[in-house]
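These notes concern the structure reproduced below.
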Amino acid sequence: MTTENTSAPNFIRTIIEADVAAGKNDGRVGTRFPPEPNGYLHIGHAKSICLNFGLARDFKGTCNLRFDDTNPTKEDVEYVDSIKEDVRWLGFDWGENQFYASNYFERLHELAIRLIKDGKAYVDSLSAEEIRQYRGTLTEPGKNSPYRDRSVEENLDLFERMKNGEFEDGTHVLRAKIDMAANNMVMRDPTLYRIRKAHHHRTGDTWCIYPMYDFTHCLSDAFECITHSICTLEFENNRELYDWVLDQFSDLPGRPRQYEFARLNLSYTVLSKRKLIQLVEEKLVSGWTDPRMPTLSGYRRRGYTAESIRDFCERIGVARADNMVDIALLEHCLREDLNDRAPRVMAVQDPVKVIVDNYPEGEVEWIDFPYHPENEAMGSRQVPFSREFYIERADFMENPPKKYFRLSPGKEVRLRYAYYVTCVDVIKDADGNVTEIHVEYDPKTKGGWSEDGRKVKGTLHWVSAQHAIDAEVRLYDRLFTQENPNDMEEGKTFKDAMNPDSLTVITAKLEPSLKTVEAGSHWQFERLGYYCVDPDSTPEKPVFNRAVGLRDSWAKKVNK
RNA sequence: UGGGGGAUCGUCUAGCGGCAGGACUACGGACUCUGACUCCGUCAACCAAGGUUCGAAUCCUUGUCCCCCAGCCA
């Protein structure tokens with residue numbers, strides 16, 4: 001468990017405090033994070049992970065990692081591996097407490113037989129479609145299946161034969177005998193077991209019947225002595241069944257209680273696993289780790305830090321009301337974290353060449369640049385300055401508006417840590433595009449200071465043309481332009497809804513110190529944003545992902 | 001239309017009968033060798049109507065709106 005400050009209060013924490021104070025479960029707290037290994041973890045899972053592991057940490061309890069692997073047709077080891085990696089990356093450790101629902105198949109099967117013997121479960125031989133019809137509707141009660149009153153012996157025999165593979169998929173199910181007229185639809189004789197002649201990623205072909213979520217989850221919690229089983233709001237109706245199942249057995253090792261909280265919704269972000277799977281399968285993104293994906297592995301590759309995501313989860317809180325968190329908060333958390341830890345380097349994304357007319361040709365000065373002006377411990381490196389360099393195209397304007405601090409004809413600006421330069425000429429092509437800017441430098445301003453005390457308002461970032469290295473830079477924009485992409489009508493394809501400009505690949509000019517850089521390392525390109533070295537990156541062809549841009553009050557002003 | 005939940009600044013979230021607070025956003029300003037960061041400030045909310053009470057976001061009543069449930073998914 002990571003050691004950190006205690007989290008902010010929330011209603012679940014309040015409940016647990018009261019339970020501990022009342023001596024429930026001998027004051028012990030046990031939680032669990034129970035993903036189904038049918039996809040990669042996303043930021044919504046991070047909320048649950050931080051909640052469950054955070055509670056265990058703060059109450060000196062345990063948090064189990066349990067794979068809810070009861071549906072072999074959807075699950076895969078690739079997912080369990082990625083889930084473990086992502087939870088660890090986020091900064092949590094389940095220690096020895098790793099479990100699989102599939103490890104309980106034997107025990108669950110025994111309990112199912114006990115239910116049958118107690119007359120609380122029966123084998124139904126209706127088709128799926130018939131079961132649906134018999135279930136009734138929201139306003140009308142259902143009716144009993146004609147198979148509901150089979151004898152215990154017959155049920156036992158049928159269930160045994162289901163297990164032995166004598167029947168085809170869909171021909172029989174085991175159902176709890178509860179109440180077909182219950183107002184809560186979940187209680188209308190829920191299915192406990194179904195036949196699925198499919199290979200399971202852990203149990204192989206040992207089983208051809210698999211327990212359903214409602215039967216498995218509560219009992220798994222009980223087996224593991226979970227005290228507080230925390231899930232999302234859509235399982236509220238299932239709580240009655242959760243308790244019903246546990247109440248059928250008096251000899252369980254634990255008696256967990258289920259609590260629900262509102263799942264995370266993030267603006268401009270799809271967080272439904274079904275849709276994320278679709279994006280991957282339809283190859284609309286490069287995969288689960290595509291930096292545009294809201295998966296933890298996507299964010300990681302994009303350049304988000306575990307620290308920033310934990311901070312985000314802490315700040316959004318935990319409540320029972322539906323929510324839509326502004327993506328700006330996530331970005332704020334990232335900037336705040338990276339501001340302290342990302343070394344500052346120089347890069348030009350949209351270069352225009354500048355020539356210093358009065359600077360000797362062939363001369364090169366290596367200037368000492370601190371990696372972080374506010375943190376000397378981060379050290380420095382040498383950056384070359386020469387007669388020709390690149391600046392950002394947006395840092396020059398031939399006819400600037402008032403309050404424009406950057407370069408324009410006749411105007412003097414500072415090249416960061418280098419010299420003051422004044423624009424003396426502009427060369428344009430036939431279309432009027434600026435191709436070359438000529439400046440004159442003041443040799444007495446070396447290092448970026450003027451001895452006579454004259455001040456310049458603008459400071460530009462620059463990269464020596466002769467030393468610049470070319471790097472691929474991937475700029476990301478939101479994958480969906482709609483604030484709530486979950487509202488997308490069914491039938492409408494993702495292609496229609498996706499932002500065609502969600503990925504822009506450009507070639508940028510970088511200072512030579514960036515030639516060899518570690519994959520996954522974070523950098524601030526001064527005045528541009530925070531970038532992370534992509535795993536695709538090589539010294540021959542560096543690749544950077546822009547995690548998030550810097551706030552830009554000038555751009556904001558100009559856009560008005 | 002049955003049942004289960006929910007409603008506090010634009011957004012997220014505190015509050016649990018006693019001054020509606022914080023964060024994000026937005027907007028101003030100071031500072032600045034990043035128009036960044038930082039700092040300071042401003043705008044901004046109790047779903048509605050009744051009731052109880054000296055006092056209500058909080059308790060009661062009645063409405064309104066939103067979410068979830070009719071998988072052999074989880």
Side-chain angles (χ1 to χ4, degrees), chain A residues 8-10 14 34-36 38 68-71 73-75 124 126-129 131-142 169-175 181-188 190-196 209-210 212-214 216-217 231-240 260 262 264 267 273-274 312 315-333 335-336 339-340 344 346 373-374 403-406 414-418 447-449 455-461 524-529 549-558:
Chain A
N10 63 54
T14 305
E36 181 189 13
N38 67 341
D68 228 337
D69 55 350
T70 58
N71 186 353
T73 58
K74 292 188 174 179
E75 299 153 7
D124 197 350
L126 251 26
S127 70
E129 171 61 17
I131 286 180
R132 193 177 63 76
Q133 284 163 1
Y134 274 72
R135 189 155 24 230
T137 69
L138 296 177
T139 51
E140 304 156 38
D169 286 15
T171 53
H172 306 273
V173 290
L174 183 72
R175 292 230 258 170
N183 281 322
N184 183 355
M185 300 293 290
V186 171
M187 299 301 277
R188 319 246 260 226
T191 302
L192 267 21
Y193 269 87
R194 77 289 215 186
I195 302 171
R196 270 273 195 297
I209 55 171
Y210 291 92
M212 300 286 290
Y213 165 86
D214 284 306
T216 309
H217 203 95
C231 61
T232 44
L233 244 29
E234 66 268 27
F235 290 99
E236 244 172 327
N237 297 322
N238 300 62
R239 189 174 62 232
E240 190 179 353
E260 310 89 16
L264 169 70
S267 58
K273 220 192 248 183
R274 210 199 95 242
F312 171 74
R315 292 194 197 211
I316 57 176
V318 178
R320 282 177 70 86
D322 292 338
N323 60 78
M324 174 67 74
V325 177
D326 192 335
I327 189 93
L329 178 58
L330 213 212
E331 293 173 348
H332 168 82
C333 292
R335 288 193 191 99
E336 191 171 81
N339 180 46
D340 291 337
R344 274 56 172 162
M346 302 243 276
E374 287 155 28
K403 294 269 182 105
Y404 182 80
F405 305 154
R406 310 175 194 179
R414 169 168 43 227
L415 297 175
R416 190 154 163 103
Y417 293 124
W449 282 112
K455 287 186 177 163
V456 290
K457 197 80 167 138
T459 300
L460 307 188
H461 56 282
Q524 187 199 77
F525 289 178
E526 290 199 51
R527 304 212 298 139
L528 296 175
L550 254 32
R551 290 162 56 119
D552 186 347
S553 61
W554 170 250
K556 206 182 287 178
K557 202 175 286 182
V558 169

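Chain A is the first sequence line, chain B the second, and so forth, proteins listed ahead of strands; every chain is numbered from 1.
With both ends at atom P, the span from B:C12 to B:U64 equals 24 Å, rounded to whole Å. Between B:C24 and B:C40, the two P atoms lie 12 Å apart (nearest whole Å). Here the separation of B:G18 from B:G41, taken at their C1' atoms, is 29 Å to the nearest Å. Remark: the separation of the C1' atoms in B:U8 and B:G22 is 13 Å, to the nearest Å. The separation of B:C16 from B:A56, taken at their C1' atoms, amounts to 12 Å, rounded to a whole angstrom. Comparing the same atom, C1', in B:G51 and in B:G17 gives a spacing of 15 Å after rounding to whole Å. To the nearest whole angstrom, the two C1' atoms, one in B:U32 and one in B:A26, are 23 Å apart. Distance noted for atom C1' between B:C59 and B:C46: 16 Å (whole Å).
Nucleotide B:U34 holds its C1' atom 10 Å from the CE atom of A:Met346, rounded to whole Å. Look at CZ on A:Phe312: it is 9 Å from C1' on B:C12, rounded to the nearest Å. What separates CD of A:Glu140 from P of B:G3 is a distance of 14 Å, to the nearest Å. A:Arg335 has its CZ atom 14 Å from the C1' atom of B:U34, to the nearest Å. If you take CZ of A:Arg416 and P of B:A36, they are 13 Å apart, rounded to a whole angstrom. Computed from coordinates, the A:Leu264 CG to B:C24 P distance equals 18 Å when rounded to whole Å. Between A:Glu331 atom CD and B:C37 atom P the separation is 13 Å, expressed in whole Å. Between A:Glu374 atom CD and B:U38 atom C1' there is a gap of 7 Å when expressed in whole angstrom units.
Residue A:Arg406 is classed as a base contact, given a heavy-atom separation below 4.0 Å to a base. If you check every strand for non-hydrogen atoms under 4.0 Å, A:Lys273 touches nothing. No engagement by A:Tyr134 is indicated, since no non-hydrogen atom pair under 4.0 Å with the nucleic acid exists. Across all strands, A:Val456 comes closer than 4.0 Å to no nucleic acid atom at all (heavy-atom distances). No engagement by A:Glu240 is indicated, since no non-hydrogen atom pair under 4.0 Å with the nucleic acid exists.
Toward the 5′ end of RNA chain B lies the nearest nucleotide of A:Asn323, the other residue of the pair A:Phe405 and A:Asn323 mapping further downstream. Residue A:Ala319 is the one, among A:Ala319 and A:Asp340, whose nearest nucleotide of RNA chain B lies closer to the 5' end (criterion: closest heavy atom).
Within the model, atoms CZ of A:Arg416 and CD of A:Glu526 stand 3.5 Å from one another, a figure rounded to the nearest 0.5 Å. A distance of 7.0 Å separates CG of A:Asp68 from OG1 of A:Thr216, quoted to the nearest 0.5 Å. The line from CZ of A:Phe405 to CH2 of A:Trp554 is 7.0 Å long, rounded to the nearest 0.5 Å. Taking CG from A:Leu192 and CG from A:Asp124, the interatomic distance works out to 12.0 Å, rounded to the nearest 0.5 Å.
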Can you give one letter per nucleotide of nucleotides 63-74 of chain B, 5' to 3': B if a protein heavy atom sits under 4.0 Å from the base, S if only from the sugar-phosphate, - if neither?
----SBBBSBSB
Report, as a single string ordered 5' to 3', how protein heavy atoms within less than 4.0 Å touch nucleotides 18-23 of chain B: B base, S sugar-phosphate only, - not at all.
-----S
Audit row: A:Thr459, A:Arg414, side-chain hydrogen bond (donor to acceptor under 3.5 Å, both in side chains) steps and yes/no:
CA-CA 5 Å; A:Thr459 300; A:Arg414 169 168 43 227; 3.2 Å; yes
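Listed by chain and number, the residues in a salt bridge (Lys or Arg N to Asp or Glu O under 4.0 Å) with A:Glu331 amount to none (sequence neighbours excluded). Every side-chain contact (heavy atoms from CB on, under 4.5 Å) that A:Asn184 has, sequence neighbours left out, goes to A:Val186, A:Met187, A:Asn237, A:Glu240. Taking A:Leu550 as the reference, A:Gln524, A:Tyr530 meet the side-chain contact (heavy atoms from CB on, under 4.5 Å) condition, with sequence neighbours excluded.
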Could you write out RNA chain B as a dot-bracket string, with dots for unpaired bases, | for bases paired across to another strand, and Watson-Crick or G-U pairs counted at under 3.5 Å?
.((((((..((((....[..)))).(((((.......)))))....(((((..]....))))))))))).....
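Ion pair A:Glu260/A:Arg239 flagged as a salt bridge, since at least one NZ, NE, NH1 or NH2 atom sits closer than 4.0 Å to an Asp/Glu carboxylate oxygen.
Side-chain N/O atoms of A:Arg320 include one lying less than 4.0 angstrom from OP1 or OP2 on B:G6. Applying the 4.0 Å criterion to OP1 and OP2 of B:U34, one finds that A:Arg414 has every side-chain N and O outside that range. For A:Ser267, no side-chain nitrogen or oxygen approaches OP1 or OP2 of B:U11 to under 4.0 Å. Put simply, A:Lys557 has no side-chain N or O that comes within less than 4.0 Å of OP1 or OP2 on B:C27.
Contact record, A:Pro373 with A:Tyr417: CG-OH, 3.8 Å, taken as the closest heavy-atom pair.
Side-chain contact between A:Leu264 and A:Ile316: present, with at least one pair of heavy atoms (C-beta onward) separated by less than 4.5 Å. Residues A:Lys74 and A:Lys273 have side chains not in contact (no heavy-atom distance under 4.5 Å, counting atoms from C-beta outward). The shortest distance between side-chain heavy atoms of A:Lys556 and A:Asp552 does not fall below 4.5 Å.
Residues A:Glu234 and A:Thr232 have side chains that bring a donor and an acceptor to within less than 3.5 angstrom of each other.
Below the 3.5 angstrom threshold, one finds a donor paired with an acceptor across the side chain of A:Gln524 and the base of B:U34.
Base orientation of B:G41: anti, since the glycosidic angle falls outside 90° of 0.
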